[in-house]
Every structure is written in structure tokens, then in C-alpha cells.
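Order of the sequence lines fixes the chain letters, A, B, ..., with proteins taken first and strands second; residue numbering starts at 1 for each chain.
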There are 2 protein chains.
Amino acid sequence: MGCEEEVVTTLRKAGQKATPQRIAVLSALRHSGRHMTASELLAEAKRQIPVLEISTVYRTLAAAKELRLVGEARMGTGEVEYEWLGQNRHHHLICRQCGQVERIEDTYLASLAIALFENYGFRADLDHFAIFGICRNCQKGGRG
Amino acid sequence: MGCEEEVVTTLRKAGQKATPQRIAVLSALRHSGRHMTASELLAEAKRQIPVLEISTVYRTLAAAKELRLVGEARMGTGEVEYEWLGQNRHHHLICRQCGQVERIEDTYLASLAIALFENYGFRADLDHFAIFGICRNCQKGGRG
DNA sequence: AGAGAAATTGCATATAATAGCACTTGATGA
DNA sequence: TCATCAAGTGCTATTATATGCAATTTCTCT
């Protein structure tokens, strides 16, 4: 599958066990190339591992998060969304009035990271930020 | 009490009902001047309203959040922490290795907000950010 | 002060996420 | 290839948070 190979290698290199459960969950996430919730991942990975438990999904994600393979995005829906942390970091502007979601590239946050490092010596992760506020349209039109 | 007066006024002005429950919860939070969890607020506010329910606390906080009276801080403990949004916004740097928490002032995030407004016309809230990463000490000493 | 509409509460319950524990499995090295 | 052991899994229980609904309360208008 190719996608799986990389997941296995990455896990092993990081000193984690590459169990079928983890492989299924993480390659599902990596393969999708988008945000997915824990229950979406459960459903998807169950196609390969029917006995898979939601608690295993959460533990897999927690472990992968520690290894910085995956990141979380809290988009204001009930559930946390997870994403594979490839090269192209991005963030989201979420309008709390109309709900519109706009994707922004890493530049803005990257310069924040630089400032924090210069001033505090702190290496910030800044994997994904969900930034809430009011979008251009809703500022103009009011209730547009 | 003074603290209560302001909470009542603020609620009414925003078109919300000032119930004893809400007053107790919100003035507890405002009065404390720090982050508090929902269950801490329940315990505190129960001193005035013994029958108070945790669900009412959550709903009160959700309503006040919409009005931008309070903000949330996810500090990486199990529970969300709430804070009264006065003038002095601040943020936190949290070391994911040693757990150290450092408070930073709003400046860094404020300039991010400016950039987002100039480039996207987006008015970002940026009430509180919990920024995870590795602190200066842990970078040097390794396992300091 | 009192009536009525609309919001809020309490209670019960649902959902999301985490944790304990005994059993199983993957990685390691002989 | 097989034994060993730590790590991971399934299952269950628990915690954190959210929601439906009937009864109650606040606010507004008179």
C-alpha cells in the first residue's frame, strides 16, 4: 500500500510498536489527507480490523500526537479533529457568526514562533491553530 | 457585593437574564481573578446556590462565552479552564516536557491579530492561547 | 403590582474522551 | 525459530461535557 510502509517505518523509528490497529488508524488518517474525527477513523479502520475499539483509536492518536506524527484541530464542532502532520502546516480562521472556515498558510504563525523563540527561548509547536473571530463579510453585512 | 453588580449589568445589557445561578457562577469567576474549572466554579457557587447543577454551570459558561465575557483555556489538564475576560489578556507557553507554564503578555498575539485583519479582513478573538512546545531549559539540559 | 412570553433551570440522559486491568502481541536477541 | 518482556489491546468503568424536556423564573409591558 505504500502509505502503510511509511507509517510502519515512522512508528518503528520512533520506538513504537507497529500493530495492525495502529497501522490501520494512522494510514487511514495519512491517506485521507484531511481532518478526521476519532469515530470517523474508527469506522474507516474497522474495514481492516473489525474488532477495533474506539479506546484503541484514542490511544493510538495520543501516542502519535506525542511523536508529533499527528496534530489536533478543535474546529468548534463537538469532536476533536485529527490530521497527519506532513510538511504543509496550515491553520484555520473560523467565523463565529456565519461559521465560514478559511484556510490560511503557516506564515503568520511561523513568525509568531520566531518571536517566541527570540524572546523566551521557547520552541513552540504551532501545528494547527483554529482561530475564531468575525469574518470580513459578517463585519460588513451584519447578518449577511 | 460590587462584583455581582457588574455581572448583572453586563448580562442585562447583553440581553441575557441575570438569574441567581448565573450571577453566582460568573461573579465567582470574575472575583477569583484566575482560571477556574467548571467543577471548581460549581463548588464555589454552591455556597450561594446549594441546588446548583453542573449542567447549569456549563450552560452559563457557554452563554457568557458567546457574549465574550469569559474565555476558555485548554492548559492540557483534563479539564477546560475558564477565565473572566477583563482588559489584560494574556497567554501561556506550556512546556510539553517538564510541564512548566510561562505567562506571556498579549503583544505577540496582538500583532498576529493585526496581520490577520490586514490580510483577510478577519477580526480574530485571540482571547487566550495555550501554546505548547519545549522550554528553554529542556532544550539545553535535555531532561533538566 | 400582575400577566404573559421567552429564556433558564433541574433532572435525566446522551456523547466524547480517558483510564484500570487482565490478557495478548510485537520486537528483540539467543 | 523460539522465548522473553514490555507495550498495546479489548473490555469495562469513569470522567467531562452537552442536550431534551417539562417546570420554573425573569423580564417587559401594562
**Q** What's the CD-C1' distance between A:Glu40 and C:dA17, to the nearest Å?
**A**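 So the two atoms are 16 Å apart, to the nearest Å.
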**Q** Round to a whole Å and report the spacing from CZ of A:Arg59 to C1' of D:dG8.
**A**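 Computing the A:Arg59:CZ to D:dG8:C1' distance gives 7 Å.
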**Q** Rounded off to whole Å, could you give me the NZ-to-C1' distance for the B:Lys13 and D:dC27 pair?
**A**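 Whole-Å distance recorded here is 18 Å.
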**Q** Nearest of D:dG10, C:dG10, D:dG8 to any side-chain atom of A:Arg22?
**A**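 Taking heavy atoms from C-beta onward, the closest nucleotide is D:dG8.
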**Q** Can you see if the side chain of B:Gln16 gets near the phosphate of C:dT8 - specifically, an N or O under 4.0 Å from OP1 or OP2?
**A**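 Indeed, a polar side-chain atom of B:Gln16 lies that close.
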**Q** What is the distance from CE of B:Met36 to P of D:dT17, rounded to the nearest Å?
**A**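 Those two atoms, CE and P, are 14 Å apart.
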**Q** Do A:Tyr82 and A:Leu67 share a hydrophobic cluster (ILVMFWY, side-chain heavy atoms under 4.5 Å, transitive)?
**A**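 As far as the 4.5 Å side-chain criterion goes, A:Leu67 and A:Tyr82 are connected within one cluster.
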**Q** In whole Å, what is the span from the NZ atom of A:Lys65 to the P atom of C:dT18?
**A**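 Computing the A:Lys65:NZ to C:dT18:P distance gives 6 Å.
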**Q** Just one of A:Phe122, A:Tyr120, A:Phe117 clears the ring pair (Phe, Tyr, Trp, His ring centres under 6.0 Å) bar with B:Tyr108, so which one?
**A**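 Exactly one pass, corresponding to A:Tyr120.
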**Q** Give B:Arg12 one of three labels, base, sugar-phosphate or nothing, depending on what nucleic acid heavy atoms sit under 4.0 Å from its own.
**A**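 If one applies the 4.0 Å heavy-atom cut-off, B:Arg12 turns out to touch the sugar-phosphate alone, with no base involved.
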**Q** Considering only side-chain heavy atoms of B:Lys17, which listed nucleotide, D:dT26, C:dA17, C:dA27, is closest?
**A**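 Of D:dT26, C:dA17, C:dA27, D:dT26 is nearest to the side chain of B:Lys17.
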**Q** Can you identify which nucleotide, out of D:dG10, D:dG8, C:dA17, has its nearest atom closest to the A:Thr56 side chain?
**A**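 Ranking D:dG10, D:dG8, C:dA17 by closest atom to the A:Thr56 side chain puts D:dG10 first.
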**Q** Whole angstrom is fine here: how far is it from OH in B:Tyr58 over to C1' in C:dT15?
**A**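 These atoms are roughly 13 Å apart.
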**Q** Looking across every strand, which nucleic acid part, if any, lies under 4.0 Å from B:Ala18 by heavy atom: base, sugar-phosphate, or nothing?
**A**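 The answer is sugar-phosphate, as B:Ala18 gets under 4.0 Å only of primed atoms, P, OP1 or OP2.
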**Q** Where the side chain of A:Ser55 is defined as all heavy atoms beyond and including C-beta, which of D:dG10, D:dT19, C:dG26 is the nearest nucleotide?
**A**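 Among D:dG10, D:dT19, C:dG26, the one nearest the side chain of A:Ser55 is D:dG10.
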**Q** Rounded off to whole Å, could you give me the CG-to-C1' distance for the A:Leu61 and D:dG8 pair?
**A**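 That distance rounds to 14 Å.
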**Q** Write down the distance between CD1 (A:Ile54) and C1' (C:dT18), rounded to a whole number of angstrom.
**A**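 Distance check: A:Ile54 CD1 to C:dT18 C1' gives 12 Å.
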**Q** Can you figure out which of D:dG10, C:dA17, D:dC21 approaches the side chain of A:Glu53 most closely?
**A**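 Nearest to the side-chain atoms of A:Glu53, counting from C-beta on, is D:dG10.
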**Q** Name the residue closer to the 5' end of DNA chain C, choosing between A:Tyr82 and B:Thr19 according to the nucleotide with the nearest heavy atom.
**A**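 Looking at DNA chain C, the more 5' nearest nucleotide goes with B:Thr19.
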**Q** Answer whether the closest heavy-atom distance between the side chains of B:Leu116 and A:Leu93 falls below 4.5 Å.
**A**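 SC-SC contact between B:Leu116 and A:Leu93 confirmed.
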**Q** Do A:Lys65 and A:Glu72 meet the salt-bridge criterion of a basic N to acidic O distance under 4.0 Å?
**A**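 Counted as a salt bridge, because a side-chain N and a carboxylate O are separated by less than 4.0 Å.
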**Q** Students often get this wrong, so: under 4.0 angstrom with heavy atoms, is B:Thr37 touching a base, only sugar-phosphate, or nothing?
**A**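 Answer is nothing: B:Thr37 stays at 4.0 Å or more from every strand.
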**Q** Identify which one of B:His128, B:Arg74, B:His35 satisfies the side-chain hydrogen bond (donor to acceptor under 3.5 Å, both in side chains) criterion when paired with B:Glu81.
**A**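 Going through B:His128, B:Arg74, B:His35 one by one, the side-chain hydrogen bond (donor to acceptor under 3.5 Å, both in side chains) with B:Glu81 is satisfied by B:His35 alone.
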**Q** Contact class for B:Ser39 (heavy atom, under 4.0 Å): base, sugar-phosphate, or nothing?
**A**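 No contact.
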**Q** Look at B:Gln21 and C:dG10 and indicate whether a side-chain polar atom (N or O) is within less than 4.0 Å of OP1 or OP2.
**A**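 For B:Gln21, the contact criterion (side-chain N or O under 4.0 Å from OP1 or OP2 of C:dG10) is met.
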